[in-house]
Amino acid sequence: MTIVHTLQTVAIESLQALYNQSFTEKDFQVSQTKPEFEGNYTVVLFSLVKSLKKSPEVLGNELGEKLIKDHPGVFSKYNVIKGFLNLTITDNYLLDLLNKNYNDVSFGKHAINGKRMMVEYSSPNTNKPLHLGHLRNNFLGWSVAEILKANGYDVIKTCIVNDRGIHICKSMIAWQLFGNGETPESTGEKGDHLVGKYYVRFNDEYKKQVEELISKGISKDEAEKQAPLMQAAQQMLLDWENHKPEVIALWNKMNGWVYDGFDVTYKRIGSDFDKTYYESKTYLLGKDFVQEGLQKGILFKKEDGSVWIDLTDEGLDEKLLLRSDGTSVYMTQDIGLAKQKYEEYKPGKSIYVIGDEQNYHMKVLKLVCKKLGMPFADGIYHLSYGMVELPTGKMKSREGTVVDADDMVDEMIATAKHHTEELGKVKDFESHELQELYKTLGLGAMKFYLLRVDPKKRMVFNPEESIDFHGFTGPFVQYTYARIQSVLRKAGQWSKDNRQSQTDPELLPLEKELILTLEQYSQIIEQASTELNPSVIANYIFHLAKTFNSFYTEHSIANAENEEKKQLRLHIATMTANVIKSSMQLLGIKVPERM
RNA sequence: GGACCGGUAGCUCAGUUGGAUAGAGCAUCAGCCUUCUAAGCUGAGGGUCAUUGGUUCGAAUCCAAUCCGGUUCACCA
């Protein structure tokens, strides 16, 4: 049990004993004591004052007195200032915690709870390579899955590949017309980049055709419809749906190039999935429930044959579910897929990591499923994240003004190399070890940068500022870890003298602060899970690393004042390293043994 | 126009669900390497928490209105 939980429980018991009134954890707050006051944890008394009809001073003193008397192993001192009861945790409690857990690599993680969660993320289109926005999505999805696992959930990671549709046909048409038979092999270009190039090419040429038509006096709307390229793309989509062999063959070939490219990128950034769904295989799902919904009177048909759902009671609009020609729309497919996912895996909750531009869509999806009486409706959760923007404005993949994911990774790794060489600390490293280190640092910096911000906030990505390796960054944390490992390696050589100390040493302020911070890890994991927010972890690790660095400069570990202190500090350092490694893992970031 | 999200230091962000004198990083300035990794540490300056009103012992946090920015409201996906 964590200190905060213990304090809550014990305080409730004491209040019951003292005043014969029962309270719950929500009736009063427990927080960390502000540094300017004495103590470690604080009970805020104001909310109790009313129901107990006592002054905060009297209440604080009576409660403080009782807590110390009944639990001398946990609390050593108290003081009351205004409505705040500040309690000091005993050194023995913390030393005991340290001794029990310093070498436990799964400290802070929670036991398996038997519940299943699905996390859907990444969801790429196969007409272009991954960009910076996808990176935020991938890192978020991966990290949330890891955080849920650490809380005891059984997690299924899924990906829905948008491998069909007009946008794919655009790349295909452009390649047919302008490609001269280019392949990844012939050009040496990564498959997804090659296909993306033709997607941009399509839009360039299309724009020219539209302008030409407009100059001939045709209206803009009309020109956009009549442009030969667009007509060709639409014809191709029809041919695809009719399984025309040449089109299917081309589609298979070009998608294959893209998948090869994605595999390289995913492997590099450390993304993977337990189950991949392909839209080409699922887009026809969901039509059956429309019939059912019509029969039950939940859906209605308009004169032209299109099928709708009325959401005006909920303050929303009417929403289309089947076109007048009987084909399904995005929403219908999504409902079908949601149902399939549920039937296959029966998750208690299904988390969709999707950008906030789809907030409305996801809200409607959940509502429609609910109206249709789908059992999984309540489990649908949209983990919405803000767009990643550049200082120059929004990224537009149609115009090719995106930060490409592969380029970004290359740049981060190159920067890691540059910084490392400049510091000149790695002269004895093997070449393969160096390559590994640059990758660890570069990717670590990027993941940390994208995950340290609250997901729902949109963020500006400044390429120059983002590769700063100082301060609140991944490499700062990685450096702290490598530093501890270095100390531990050397300490192991110096001394095998492990004699047990008779008297426990008294903790110095920084030692105490560090152990208290380490103790909070389990609660942080819990909080990150309930909020589905990796930035909680990132902020915690940074705080922990910073606290350790202060401790490190202030107190010598190897040359401690005496043998007891040395052992104590080695334990603290070991546990700090374990928690850093474990928490960075939750963000998908590796830590180097030396750097 | 309706709905949803955001506005905190020059910049990028925290702020424990209503608590004590609002905190970090970057940038600026001043210090610290003959001792465990200086990618580090210590300190200084920098704030009308968008604005106004309300709720109460107490508001960056809750409510209302206003201003600014964003997203969305397709027989596109």
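In what follows, every chain begins at residue 1, and chains take the letters A, B, ... in the order their sequences are listed. Here the structure is a predicted model, which means the values were calculated and not measured.
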* Could you tell me whether B:rC33 is syn or anti, where syn means a glycosidic angle within 90 degrees of zero? => syn

* For B:rU17, decide between syn and anti, treating a glycosidic angle within 90° of 0 as syn. => syn

According to a strict under-4.0 Å criterion, is [X] in side-chain N/O contact with OP1 or OP2 of [N]?
X      : N      : value
A:R483 : B:rA38 : yes
A:K34  : B:rA22 : no
A:R569 : B:rC36 : no
A:H470 : B:rC26 : no
A:Y479 : B:rA39 : yes
A:R458 : B:rU12 : no
A:T553 : B:rC32 : no

Scan [X] against the nucleic acid and name what it touches under 4.0 Å (heavy atoms): base, sugar-phosphate only, or nothing.
X      : value
A:L316 : nothing
A:N125 : nothing
A:N549 : sugar-phosphate
A:Y330 : base
A:F542 : sugar-phosphate
A:T42  : base
A:N86  : base
A:M595 : base
A:H555 : base
A:V44  : base

Nearest-angstrom distance, [atom1] atom, [N] to [M]:
N      : M      : atom1 : value
B:rU56 : B:rU51 : C1'   : 22 Å
B:rG6  : B:rA64 : P     : 14 Å
B:rG45 : B:rA9  : C1'   : 11 Å
B:rU48 : B:rC67 : C1'   : 16 Å
B:rA20 : B:rA60 : C1'   : 15 Å
B:rA38 : B:rC32 : C1'   : 9 Å
B:rG46 : B:rG23 : C1'   : 13 Å
B:rC33 : B:rU42 : C1'   : 14 Å

* Asked: Are the ring centres of A:F472 and A:F448 closer than 6.0 Å?
  -> yes

* To do: Step through it carefully: locate the ring centre of A:Y352, locate the ring centre of A:Y381, and say whether they are under 6.0 Å apart.
  => no

* Is any side-chain heavy atom of A:L516 closer than 4.5 Å to a side-chain heavy atom of A:Y41? -> yes

* To do: Could you check if a side-chain atom of A:L518 sits within less than 4.5 angstrom of a side-chain atom of A:T576, using non-hydrogen atoms only?
  => yes

* To do: Assess whether salt bridge (charged side-chain N to carboxylate O under 4.0 Å, His left out) is satisfied between A:R458 and A:E357, documenting all intermediate values.
  => CA-CA 11 Å; A:R458 74 197 159 91; A:E357 69 274 10; over 6 Å; no

* To do: Give the minimum heavy-atom separation between A:L316 and A:Y360, together with the two atoms involved.
  => CD2-CE1, 3.7 Å

* Specify the closest pair of heavy atoms between A:S384 and A:N359, including all atoms of both residues, with the distance to one decimal. => OG-OD1, 2.9 Å

* Under 5.5 Å between ring centres and under 30° between planes: does that hold for A:F46 against the base of B:rG19? -> yes

* Asked: Just wondering, do A:F84 and B:rA20 stack (centres under 5.5 Å, planes under 30°)?
  -> yes

* **Candidate pair A:W308 and A:S306, rule side chain to side chain contact (heavy atoms under 4.5 Å, CB included), full reasoning** => CA-CA 7 Å; A:W308 299 72; A:S306 56; 2.9 Å; yes

Dump the pairs, protein N or O against N or O of nucleotides 4-9 of chain B, anything under 3.5 Å, distances to one decimal.
from  : atom 1 : to     : atom 2 : distance (Å)
B:rG7 : OP1    : A:K457 : NZ     : 3.4

* To do: Answer with yes or no whether A:T480 presents, from its side chain, a donor or acceptor under 3.5 Å of a partner atom in the base of B:rA39.
  => no

* Asked: How many angstroms lie between CZ in A:F84 and CZ in A:F37, if you round to the nearest 0.5 Å?
  -> 7.5 Å

* Starting from P on B:rA20, measure out to CZ on A:F37 and report it in whole angstrom. => 9 Å

* Rounded distance (Å) that lies between atom P of B:rA77 and atom CD of A:Q234 -> 11 Å

Minimum-distance nucleotide (side-chain atoms of [X] versus [options]):
X      : options                : answer
A:S550 : B:rC57, B:rU37, B:rU42 : B:rU42
A:D317 : B:rU12, B:rC73, B:rA20 : B:rC73
A:K82  : B:rG25, B:rU71, B:rU21 : B:rU21

* State whether a side-chain donor-acceptor pair under 3.5 Å links A:Q358 with A:Y330. => yes

* Candidate pair A:K565 and A:E511, rule salt bridge (charged side-chain N to carboxylate O under 4.0 Å, His left out), full reasoning -> CA-CA 10 Å; A:K565 274 290 180 199; A:E511 293 166 344; 2.8 Å; yes

* Start with the C-alpha distance between A:E224 and A:K207, add both sets of side-chain angles, then the distance that settles salt bridge (charged side-chain N to carboxylate O under 4.0 Å, His left out), and finish with yes or no. => CA-CA 9 Å; A:E224 281 173 357; A:K207 219 167 148 185; over 6 Å; no

* To do: Ignoring hydrogens and angles, tell me if any N or O in the side chain of A:T332 forms a donor-acceptor pair with the backbone of A:L322 under 3.5 Å.
  => no

* To do: Pull out every stem in RNA chain B, meaning runs of 3 or more consecutive Watson-Crick or G-U wobble pairs with both distances under 3.5 Å.
  => B:1-7 with B:67-73, B:10-13 with B:23-26, B:28-32 with B:40-44, B:50-54 with B:62-66

